[in-house]
Amino acid sequence: MNALESTSTRPYLIRALYDWCTDNGFTPYVAVLVDESVQVPREYVKNGEIVLNISFDATSSLKLGNDFIEFKARFAGSAREIMVPVGRVIAIYARENGQGMAFPVPVPATTGDEVSKPSPLSSVPAVPATGLSSSEGEPRVVQLVTPEAGPGDDTTDPPRPPSGPRPALKRVK
C-alpha cells in the first residue's frame, strides 16, 4: 500500500491534537470551511468559516470519527446538532496559545456549469512521461507563464522603488 491508497491522516491528527489540548488543560477549537455538507448554525458563519469549541465542557456526545466530527452544543441557549465532514476542517488549535495545526483548504467541487479558467499549463505542449523530448534525447525545460500577460507586458525588469529624497510627513494645522 502506498501513500495514495492509504486513508487520510487528517482525522488522526485532529484526534491527536484534541487529546493534546485536553491533556494540557487547553480548549480545542476547530476552524471549518462551511459549505452545504457542513451542519452548523449558519448565523455564526463568517466569511464562509466557523470556529467551533469542541472541548468536553462545551459539547456533548462528541465523536471524532474518520469521516465526521459530530457533537451537540448550545448556541445562544438552544441545543444544536453539529456535523462537520473531516475534510472541511481547516485547522485545530488551542484557544489559549494558538498552538495546533492548519490543513490545506479543501478545493470546491466544480459543477460543470461554471466557466472554468484555463490552466496555465493548457498552452504547454505535452511532454513524454520520461521528461525527455523524443527527438533530441535531452531534458526539456518548461517555464510556466500565466496566459493573462497582455501584449504590452513584455518588460522583464521588476518595478523599482522611486528614487529621490526620503518622504516625510508634513504637519498641517
Side-chain angles (χ1 to χ4, degrees), residues 1-124 126-131 142-149 158-159:
M1 176 181 284
N2 63 24
L4 295 175
E5 296 172 348
S6 63
T7 59
S8 172
T9 57
R10 189 179 297 217
Y12 300 94
L13 295 171
I14 290 171
R15 284 192 290 270
L17 286 170
Y18 174 85
D19 289 342
W20 176 81
C21 286
T22 55
D23 288 349
N24 290 287
F26 298 135
T27 308
Y29 276 16
V30 290
V32 177
L33 190 62
V34 176
D35 69 351
E36 63 277 352
S37 67
V38 178
Q39 182 180 335
V40 294
R42 299 291 179 184
E43 60 268 24
Y44 296 100
V45 175
K46 292 181 181 175
N47 297 326
E49 297 178 6
I50 189 169
V51 177
L52 300 167
N53 177 354
I54 60 168
S55 69
F56 180 77
D57 294 337
T59 62
S60 66
S61 305
L62 176 66
K63 294 178 186 171
L64 298 174
N66 285 344
D67 296 324
F68 292 96
I69 296 175
E70 301 173 65
F71 58 94
K72 295 175 186 170
R74 292 194 167 273
F75 289 84
S78 62
R80 303 280 185 93
E81 290 194 21
I82 308 299
M83 192 161 81
V84 176
V86 170
R88 303 302 296 179
V89 174
I90 55 175
I92 180 169
Y93 59 94
R95 180 191 69 184
E96 290 80 6
N97 60 13
Q99 289 185 339
M101 177 177 278
F103 300 103
V105 175
V107 177
T110 57
T111 59
D113 296 337
E114 305 166 0
V115 176
S116 64
K117 185 177 175 182
S119 169
L121 297 176
S122 62
S123 61
V124 176
V127 177
T130 61
V142 177
Q143 184 173 4
L144 300 178
V145 178
T146 58
E148 288 85 18

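Heavy atoms only: backbone and side chains are in, while hydrogens, waters and symmetry mates are out.
Side-chain contact between Arg10 and Pro104 is present, with heavy atoms from C-beta onward closer than 4.5 Å. Residues Ile69 and Val86 have side chains in contact (heavy-atom distance under 4.5 Å, counting atoms from C-beta outward). Side-chain contact check for Phe103 versus Ile14: some heavy-atom pair is nearer than 4.5 Å. Side chains of Phe75 and Ile82 form a contact here, defined as non-hydrogen atoms less than 4.5 Å apart. Contact check for Val84 versus Val30: no side-chain heavy atoms found under the 4.5 Å cut-off. Looking at Pro85 and Phe68, their side chains come closer than 4.5 Å, going by heavy atoms from C-beta outward. Counting heavy atoms from C-beta outward, Arg88 and Pro106 have side chains that approach closer than 4.5 Å. At a threshold of 4.5 Å between non-hydrogen side-chain atoms, the residues Tyr12 and Asn66 count as touching.
Nearest heavy atoms, Ala73 versus Ala58: CB-O, 3.7 Å.
Looking only at atom types and distance, the side chain of Glu96 has a donor-acceptor partner in the side chain of Thr27 under 3.5 Å away.
Using bins of under 30°, 30° to 60° and over 60° for the plane-to-plane angle, the ring pair Trp20/Phe26 lands in the tilted bin.
Judged by the 6.0 Å distance and 45° axis criteria, Arg15 is not positioned over the aromatic ring of Tyr18.
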Next on the checklist: Walk me through whether Asp57 and Ser55 qualify under side-chain hydrogen bond (donor to acceptor under 3.5 Å, both in side chains).
Outcome noted: CA-CA 5 Å; Asp57 294 337; Ser55 69; 5.2 Å; no
